[in-house]
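When reading the values below, keep in mind they use all heavy atoms of this one structure, side chains included, and skip hydrogens, waters and symmetry mates.
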Amino acid sequence: MLRPVSAGIISGLVAFTSSFVVVLAGLEGVGASPAQAASGLLAVSVLMGLCSMLLSLRTRLPITVAWSTPGAALLAATGAVDGGWPAAVGAFVLVGVLIVLTGLVPALGALMARIPTPIAQAMLAGVLFQLCLGPVLGVAANPLAVAPVIVVWALAQRLAPRWASPLAFLAASVVIVASLTAAPSPSAAPPLLPAVELTVPTLTVGAVVGVALPLYLVTMASQNVPGVAVMRSLGYEVPWRASMVTTGLGTMVGAPLGGHGVNLAAITAALAAGPEAGEDRERRWIASTTSGVVLVLCGLGATAFAQLIALAPEGLIPAVAGLALLGTFVASLRSALAEREEQLPAGVTVLIAASGIAAAGISAAFWALLVGLALRALLRAGRRTGSAHSR
């Protein structure tokens with residue numbers, strides 16, 4: 001029992017501490033108040049823990065559920081939504097509906113799979129670009145606070161890469177506490193107990209096109225599909241329909257509480273399903289179940305974590321978020337530019353998404369995807385015409 005339980009504890013702690021800062025930034029980016037963002041963090045943490053436990057206990061497979069870190073980054077880069085925070089919540093509900101339909105309707109999954117991987121990854125790389133500038137801009141604005149965090153992160157990348165982001169957050173926490181001890185004491189203690197904020201969802205065209213569709217695409221392309229691939233590489237076949245329905249319903253339940261969605265884990269999936277969870281493959285589901293319990297407990301501390309972040313010195317939290325996203329940025333950029341024939345449309349997609357410019361109330365991510373696909377189709381048609389003429 002010791003190995004799968006310890007692996008599950010590590011999986012849950014890494015999953016939460018490595019990127020909860022990005023989740024808070026994403027929710028506040030689309031209009032959530034600090035209290036609503038803390039409620040959203042609580043919702044997704046508890047739901048991904050419960051979904052992990054449900055799927056693991058039902059299937060006896062080490063299936064872990066996570067929030068979409070790339071999706072949260074997309075929200076942070078999107079900015080204000082047409083219709084405000086209620087419209088963003090409505091977009092989250094719609095994403096949950098689409099994920100459920102993806103599990104129930106094979107044609108929808110096949111349609112999603114037709115979106116070229118280089119274009120989807122290029123859109124993600126462009127979205128992440130501005131956020132990954134956080135460490136650079138943070139050092140320029142507040143070197144004494146940010147530089148120690150970057151040093152800790154770099155050393156951890158050398159010695160314990162898996163713990164790089166959690167250790168960076170730990171270093172940031174030390175910096176925050178040090179800054180608070182040097183500042184005057186606050187007049188009143190901030191609330192630390194878990195609390196939820198209910199928002200009635202609405203929908204606008206801008207929220208559907210600029211938030212729901214890009215968020216659904218990023219969730220599927222960067223989380224659910226890679227999550228299945230990671231599990232398959234470890235010898236486990238994830239039940240697609242059950243996983244999509246469970247995480248889709250979880251997303252719909254969490255949306256009115258502020259959660260942007262839950263999905264299959266990709267990066268942390270191997271922590272609970274790999275050899276570190278024990279040699280007995282039939283008992284590794286204990287690791288994913290344990291991870292779920294840890295995530296629920298972490299979620300109950302969401303308000304306290306959010307209060308800690310709110311007290312951070314200038315530039316510190318964007319730097320921590322940027323460090324947490326650097327690995328995803330590099331992987332998405334590499335995937336976008338891997339094929340020579342796809343490099344030009346992928347490059348254009350990256351630039352438009354990175355621009356952050358919204359038009360007609362619709363985020364840059366959607367326009368990047370649209371222009372990238374159009375340019376790709378144009379270039380492929382030209383190559384086919386050229387090949388026909390040469391024959």
Report yes if the side chains of [X] and [Y] come closer than 4.5 Å at any heavy-atom pair, otherwise no.
X    : Y    : result
I99  : T247 : yes
N224 : M244 : yes
L124 : Q121 : yes
L27  : H260 : yes
E237 : M231 : no
M48  : M53  : no
V238 : L61  : no
V65  : L55  : yes

- Query: If you round to the nearest 0.5 Å, how far is OG of S18 from CG of L167?
  - Reply: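 The CG atom of L167 sits 11.5 Å away from the OG atom of S18.
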
If every non-hydrogen atom of [X] is compared with every non-hydrogen atom of [Y], which pair is closest and at what distance?
X    : Y    : answer
A270 : V230 : N-CG1, 4.2 Å
V14  : P166 : CA-CG, 4.3 Å
A43  : L257 : CB-CB, 3.8 Å
E314 : A141 : OE2-CB, 3.9 Å
I63  : P239 : CD1-CD, 3.8 Å
G83  : T204 : CA-CG2, 3.9 Å

Can [Y] be reached from [X] by stepping across I, L, V, M, F, W or Y side chains whose heavy atoms are under 4.5 Å apart?
X    : Y    : result
L133 : M123 : yes
L297 : L54  : no
V330 : V22  : yes
V152 : V146 : no
V293 : L271 : no

- Going by the ring-ring contact (aromatic ring centres under 6.0 Å, His included) test, which pairs reach into residues 263-317, not counting sequence neighbours?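 Those involving residues 263-317 are F16-F305, F20-F305.
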
- Query: I286 and V5: side-chain contact (heavy atoms from CB on, under 4.5 Å), yes or no, with the steps?
  - Reply: CA-CA 6 Å; I286 298 173; V5 169; 4.0 Å; yes

Short side-chain to backbone donor-acceptor contact, [X] and [Y], under 3.5 Å:
X    : Y    : result
S288 : T64  : no
S39  : E197 : yes
Q223 : N263 : no
Q343 : L337 : yes
Q36  : S33  : yes
R284 : A277 : no
T219 : L215 : yes

- Quick one: do the W153 and S165 side chains pair a donor with an acceptor below 3.5 Å?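 No donor-acceptor contact under 3.5 Å links the two side chains.
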
- Message: Less than 3.5 Å apart, any donor N or O on the side chain of S45 or W67 sitting next to an acceptor on the other?
- Response: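 On atom types as modelled, these side chains do not qualify, holding no pair under 3.5 Å.
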
- Task: Given side-chain contact (heavy atoms from CB on, under 4.5 Å), test F329 with L131 step by step and report yes or no.
- Result: CA-CA 10 Å; F329 170 72; L131 298 175; over 6 Å; no

- Quick one: do E342 and R380 satisfy side-chain contact (heavy atoms from CB on, under 4.5 Å)? Show the steps, please. CA-CA 9 Å; E342 305 284 0; R380 288 172 70 89; 3.8 Å; yes

- Message: Here's a test for you: under side chain to side chain contact (heavy atoms under 4.5 Å, CB included), which of L325, V23, T328 qualifies with T69?
- Response: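 Exactly one pass, corresponding to L325.
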
- Query: Pick one: which of V348, L369, L217, V371 meets side chain to side chain contact (heavy atoms under 4.5 Å, CB included) with I119?
  - Reply: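 Answer to the side chain to side chain contact (heavy atoms under 4.5 Å, CB included) test with I119 among V348, L369, L217, V371: L369.
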
- Task: Step through the shown structure and confirm whether more than 12 heavy atoms of other residues, nucleotides or ligands are within 6.0 Å of CZ on F129.
- Result: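 Atom CZ in F129 is not packed in, count stays at 12 or less.
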
- Query: In terms of side-chain geometry, is the basic nitrogen of R60 or E282 positioned less than 4.0 Å from the acidic oxygen of its partner?
  - Reply: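 No, no charged N to carboxylate O under 4.0 Å.
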
- Message: Between I10 and W163, is the side-chain contact (heavy atoms from CB on, under 4.5 Å) condition met? List the steps.
- Response: CA-CA 10 Å; I10 292 172; W163 291 95; 3.5 Å; yes

